[in-house]
Amino acid sequence: MANLPILQFEEKIVETVEKNPVVVIIGETGSGKSTQLSQILHRRGYTKSGVIAVTQPRRVAAVSVARRVAQELDVPLGEDVGYAIRFEDRTSSKTRIKYLTDGVLLRESLSNPMLDDYSVIILDEAHERSLNTDILLGLMKRLVRIRTSNFKVLITSATLDGEKVSEFFSGCPVLNVPGKLYPVEILYSKERPVSYIESSLKVAIDIHVREPEGDILIFMTGQDDIEKLVSKLEEKVQSLAEGSCMDAIIYPLHGSLPPEMQVRVFSPPPPNCRRFIVATNIAETSLTVDGVVYVIDSGYVKQRQYNSSSGMYSLDVVQISKVQANQRAGRAGRTRPGKCYRLYPLAIYRDDFLDATIPEIQRTSLAGSVLYLKSLDLPDIDILNFDFLDAPSPESLEDALKQLYLIDAIDENGAITSVGRTMSELPLEPSLSRTLIEANDNGCLSQALTVVAMLSAETTLLPGRSKPNEKKRKHDDSNLPDGSGFGDHIQLLQIFECWDRYNYDPEWCKENGMQVRGMVFVKDVRRQLCQIMQKISKDRLEVGARGRKSSSREDYRKLRKALCVGNANQVAERMLRHNGFRTLTFKPQLVQVHPSSVLSTDNDGMLPNYVVYHELISTTRPFMRNVCAIEMSWVAPIKRKIEKLNVRKLSGGPASSVKEPEKKTELSKNDAEAPVVSENVES
Ligand code: ADP
């Protein structure tokens, strides 16, 4: 730790921070920005007048760095040094250095817009350009104008264009902390391999057999590929003749690993042992693994992208940018000269890779952020003239406004409603917070809390649900409930209630293929959401911390109705002549029920006439994930609302930058009973 590059610049950093409200610090990954800056300022007395907050775009990084800093300061985690991520707060009144996700800081600023508990806010990993960090940049710009004393903002980044950020903050100083990177030899493949897994395997084993000691870091796109490669590597390493090369340990590293598995990569390997770390882009800049000398770079990353004209998410494997490629290569040169094996030709890097990664704000749904900005109620801030480092497209703002209007969060003039205000207090995406509020009004809050908690933890629950191409276990293979023909939300409710009847027995989870850790998390999330609802609800809530042991069909009906209101922008109707559904609210799309759904015909499900879905995702085809049957009479008011929709008014009048859509709506003319496929639908 003593020789981290940033520590040699301590005096310069402190002096610059002393004289300026905002400072940008650019430093190589591993130079000590995340772990040391907070400690430097703590040593220099900045925690006397408030807490030092350090934001991280990733939950894993917030936890891991807080843990490290607590260790370095030799204090118990959660006291002087703590962390706060959504649904998990490990801080106390003693906390002086607080690591938190950027989303959590945004939420805190709702209840305390001046953020006056904090003397310093460090926006770390700004190069990741997460949506939340981008919004925080705008808010910080405003805050430093208002809080003129006792307040410092630092923006740190591994690769960010420092000048651009400095310009954004009226020419604030930019400090460059030169890293001590050793040279990295870059080796390109002649062509792209047919299989990245096989090719990575071959290169890794070649290195292991031929090259001197040093760990190997392999970048894969996601958990599935990581697991496959890890098992192939294990097999291969075992088959090598004993004594022919050094020992090997193989570690996966991705965001869904339990924390204790993630931190294993930080402990040094035993002597004469090479580590293979198979990671997602989490190891690009968020987590620095020491000891890496060889990097294998597939050139790809898995990215969630949102298409605002179709309302559809896709999880695409896309090419990385040049910046990312160079970050990956840099991981090889931290301890001594290294090698980076790029599994793509130089020409592809040079001609096809984008220079920089596209910021999240330009590839995600903005409904949550627009609602957030509207709920801030700051007279000088509104969504259309918000000061963004890179502005989102008018289409995505328009899409967000339409979504919010359909779920009653804003009125026809674009003003936030009281429902919208309550929604913004819940740490959930808009459709889920709207569902909870509706459920509270019609007496099924307990059930809705369970479903929302289950959806929030879904990827850690049922293996089949998180993997788009894998079918969920058929219900006759296990004793899991099947949603009684109403769909996935009801099934999620029934699963939790079933577990409750077994007194939250971990054995029950194991027997039924559910992840114990995930279910325990659901229970905790449910409890927290219940507390928040208690706080914000004017009426006394009739809901216990434990939920119901068994809901009736009438409860299901109420819950489905609440889900319909909360997901009014995500309704689809059955196509009689096609084996699928057509979405109602966006440009009509022909979509299908995801094979993982209990309603899927693959699972012998019966298709209802109307459904709401939690998410539209394009894999091989457009699929609705987490689907729930609703009734036709509930859809009528939504259709009327869609017909009335006037985007220009929503965005605050003619002066707005949001364009009127070219065709007002193709949806209204369609007959609910015999939907017509519109031209832009591909069947
Ligand atoms: P930067 O933010 O500039 O990328 P960091 O402060 O994250 O740098 O890392 C500085 C050093 O601390 C690195 O050598 C890294 O390996 C180490 N480090 C960071 N987090 C942990 C952790 N949780 N456990 C052990 N070492 C860590």
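What you are looking at is a predicted structure, and each value in this text was computed from that prediction instead of being measured. In listed order, ligands and their atoms are each counted from 1.
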Counting only heavy atoms from other residues, nucleotides and ligands, does the tally under 6.0 Å from CD of E213 exceed 12? no
The answer, listing residues by chain and number that come under 4.0 Å of ligand 1 through any heavy atom, is L4, E28, T29, G30, S31, G32, K33, S34, T35, S64, R68, F266, T288, D290, R334
Looking at S314 and R304, would you say the former's side chain and the latter's main chain have a donor-acceptor pair under 3.5 Å? no
Atom NZ of K302: over 12 foreign heavy atoms under 6.0 Å: yes
Residues, nucleotides or ligands: over 12 heavy atoms within 6.0 Å of K202 NZ: no
Does E167 have more than 12 heavy atoms from other residues, nucleotides or ligands lying within 6.0 Å of its CD? no
Show the atom names and distances, to 0.1 Å, of all donor-acceptor pairs under 3.5 Å that link a side chain in residues 352-360 to residues at least two apart or in another chain.
from, atom 1, to, atom 2, distance (Å)
D355, OD1, K322, NZ, 3.3
T357, OG1, S321, OG, 3.0
E360, OE1, L131, N, 2.7

